[in-house]
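In what follows, every chain begins at residue 1, and chains take the letters A, B, ... in the order their sequences are listed. Quick caveat: nothing in here was measured; it's all calculated off a predicted structure.
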Amino acid sequence: MKSYLDQGLVKDARLVFDEMPHRDVVAWTAMVEGYTSCNHHTQSWVLFSEMVKNEVTPNAFTFTSVFKACKGMKSLSCGALVHGLAIKLGMEGSIYVENAVMDMYATCCATMDDACQVFRDLCVKNAVSWTTLITGFTHRGDGYMGLRVFQQMLQEDAELNPFSFSIAVRACASIGSRTSGRQIQAAVIKCGFESNLAVMNSILDMYCRFTCLPEANQCFLEMSEKNLITWNTLIAGYQRIDSSECLYLFSQMESQGFSPNCFTFSSVAAGCADLAVLACGQQVHGGIFRRGFNQNLEVTNALIDMYAKCGNIADSRKVFDEMCDKNLVSWTSMMIGYGSHGFGKEAVELFDEMVTSGIRPDQIVFMAVLSACSHAGLVEEGLRYFHTMTSDYNVTPDQEIYGCVVDLLGRSGRVAEAYGLIQNMPIKPNESVWGALLGACKAHKLPHLGKLAATEILDLKPNTVEAYVLLSIIYAADGKWREYAKTMNLIRGMGNKKEAGRSWIEVRNQVYSFVVGDKIGSHTKRVYAILELLIQHMKETEFEPNLDCLIHDLQDGT
DNA sequence: CTAGGGTTAG
């Protein structure tokens with residue numbers, strides 16, 4: 001059985017198990033453990049129940065495996081049931097069992113209270129007990145407590161090993177504490193763990209998350225040993241910072257003989273999405289297909305987003321339709337794609353289809369459908385979803401959702417209603433909610449309300465250039481040139497310039513990038529000729545061109 | 001037949 005299990009041949013191991021005339025605890029346990037180690041948690045649980053039914057008494061080995069299965073199933077009820085049985089059978093003396101119980105409670109419970117209780121009651125703690133507790137806090141997003149337990153571990157002179165350092169580094173990364181991060185890196189060197197791959201990979205990840213590029217690069221270069229995870233960490237890190245560098249690293253990695261896996265492709269596809277490079281994205285998709293990763297959930301989700309952001313919504317849908325199983329992220333990515341392409345109706349239909357298929361919506365998918373409604377002018381549909389999110393789905397609207405609804409109302413000209421919504425919010429509106437209102441005031445020429453919104457933004461976040469810029473446009477449109485000049489002077493004096501909104505398009509392996517009013521580049525004349533044509537079209541279809549944006553040109557005297 | 005760590009997606 002063991003030799004089959006070592007090769008991952010669970011079915012063959014089970015055949016041997018079934019043929020055994022007599023099965024003792026060890027045989028049962030080997031099989032239970034075999035299932036958990038292959039991530040077949042439910043089967044492990046079923047076999048354990050059969051074992052108990054057959055009146056075979058589980059031992060410490062059995063319990064550690066079955067707690068791991070409960071952890072895998074995220075089932076607190078199963079875990080608590082087994083814990084009761086373990087106490088009844090006097091397993092509390094085993095540190096292995098106790099650590100497994102702790103781990104189970106840490107992952108299955110809503111709070112860390114039960115895990116902490118087990119930890120406090122331990123007669124003897126070992127290094128695993130400490131790291132299990134730190135991991136519990138850190139993996140649920142409480143890096144502060146994770147670090148505090150790590151500090152306590154240092155104070156109590158517990159044995160330090162690579163495991164404790166890698167999770168402590170992870171905790172620093174999650175709370176963004178550069179100081180603690182550097183201190184722990186120093187301790188890693190002092191303890192002689194700088195040659196440990198997992199520790200160094202987590203330090204590399206930390207510096208990438210801090211956007212400390214010199215440190216990240218140095219760490220990468222100085223690592224004596226690198227594996228696939230090292231490369232994946234660096235590539236994922238650069239994807240968040242500089243996607244073109246991410247693609248370059250991908251080619252470097254391949255030329256150094258490393259074969260990319262699902263993690264690599266997820267990051268690289270996301271990088272192509274950021275850069276909106278369709279041809280490159282298609283090549284990456286080809287690589288994914290060749291290696292048989294085209295059914296991996298994370299990879300395909302990244303592809304949906306990639307095609308949508310590269311302007312090819314049809315292929316997004318194709319990838320989406322070809323998926324065997326979809327999760328919430330798949331549906332959301334598709335809806336965001338539809339929304340940004342102006343297909344509000346399709347996004348709404350997809351939302352309903354998703355709910356019918358039994359997936360429970362969360363805040364982000366509501367944001368996707370609301371923003372799709374907003375951009376497609378589906379105001380009533382949007383408002384209906386906004387109301388059902390609390391009444392039918394028990395999802396609490398956050399700042400971003402309120403921002404979407406303010407935008408939904410504001411875009412369609414119902415600015416007073418949008419303001420009313422802000423006034424009745426159960427939480428204090430943040431600058432992005434006010435920003436949505438300010439945008440609506442600019443579009444619908446409401447200088448008074450616009451000034452109020454801008455004041456709120458500047459109270460919450462002083463020196464927000466974007467607010468001043470919008471305000472100046474509102475003044476200009478209102479003919480308040482004195483106020484306009486004052487605001488412009490303020491903007492000039494601020495120094496922290498608002499970065500210009502930039503667009504780019506890839507045509508035949510060449511990326512063309514431009515900002516509003518750009519006069520650089522060899523194609524300028526043709527671009528402006530097309531623009532003239534479009535304006536002519538707009539006028540013919542009785543669209544009133546918005547001339548507010550021409551302020552900047554007037555200033556230049558053009 | 002035992003436990004704990006490092007990289008992906010909206």
Using a heavy-atom cut-off of under 4.0 Å over every strand shown, decide if [X] touches base, sugar-phosphate, or nothing.
| X | answer |
| --- | --- |
| A/Asp6 | nothing |
| A/Ile336 | sugar-phosphate |
| A/Leu197 | base |
| A/Ser333 | sugar-phosphate |
| A/Asn126 | base |
| A/Asn327 | base |

- line: So CD1 of A/Ile134 and CD1 of A/Ile167: to nearest 0.5 Å the spacing works out to 7.5 Å
message: What's the separation between atom OG1 in A/Thr132 and atom CZ in A/Phe163, rounded to the nearest 0.5 Å?
response: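 Interatomic distance, A/Thr132 OG1 to A/Phe163 CZ, rounded to 0.5 Å: 10.5 Å.
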- request: Kindly indicate whether a cation-pi arrangement holds for A/Arg360 with A/Tyr393, taking the cut-offs as under 6.0 Å to the six-membered ring centre and within 45° of the axis.
  value: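 No, A/Arg360 does not lie over the aromatic ring of A/Tyr393.
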- request: Begin from the C-alpha positions of A/Glu98 and A/Arg120 and carry the test salt bridge (charged side-chain N to carboxylate O under 4.0 Å, His left out) through to its verdict.
  value: CA-CA 11 Å; A/Glu98 292 294 88; A/Arg120 270 194 297 272; over 6 Å; no
Nucleotide nearest [X] when distance is taken to its side chain, options [options]:
| X | options | answer |
| --- | --- | --- |
| A/Asn99 | B/dA3, B/dG6, B/dT8 | B/dA3 |
| A/Val329 | B/dA3, B/dG10, B/dT8 | B/dG10 |
| A/Asp305 | B/dG5, B/dG10, B/dC1 | B/dG10 |
| A/Ile364 | B/dG10, B/dG4, B/dC1 | B/dG10 |
| A/Ala236 | B/dG5, B/dT8, B/dG10 | B/dT8 |
| A/Thr135 | B/dA9, B/dC1, B/dG4 | B/dG4 |
| A/Val128 | B/dT8, B/dG6, B/dG4 | B/dG4 |
| A/Ser166 | B/dG10, B/dG5, B/dA9 | B/dG5 |
| A/Ala198 | B/dT8, B/dG5, B/dG10 | B/dG5 |

- prompt: Planes under 30° and centres closer than 5.5 Å, is that true for A/Tyr96 with the base of B/dA3?
  reply: no
message: Is it the case that atom CD in A/Glu194 sees more than 12 heavy atoms from other parts of the structure closer than 6.0 Å?
response: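 Yes, CD of A/Glu194 has more than 12 neighbouring heavy atoms, counting only those of other groups under 6.0 Å.
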query: Heavy-atom contacts under 4.0 Å between residues 18-48 of chain A and DNA chain B, which residues?
result: A/Thr29
- prompt: Could one point to a donor on the side chain of A/Thr332 or the base of B/dG10 with an acceptor on the other under 3.5 Å away?
  reply: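 Yes, a donor-acceptor pair under 3.5 Å.
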query: Between A/Phe386 and A/Tyr402, is the ring centre distance below 6.0 Å?
result: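 Judged by ring-centre distance (under 6.0 Å), A/Phe386 and A/Tyr402 do meet the cut-off.
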task: May I ask you to check whether A/Tyr207 and A/Phe220 place their ring centres under 6.0 Å from each other?
output: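 No, they do not, as the ring centres are separated by 6.0 Å or more.
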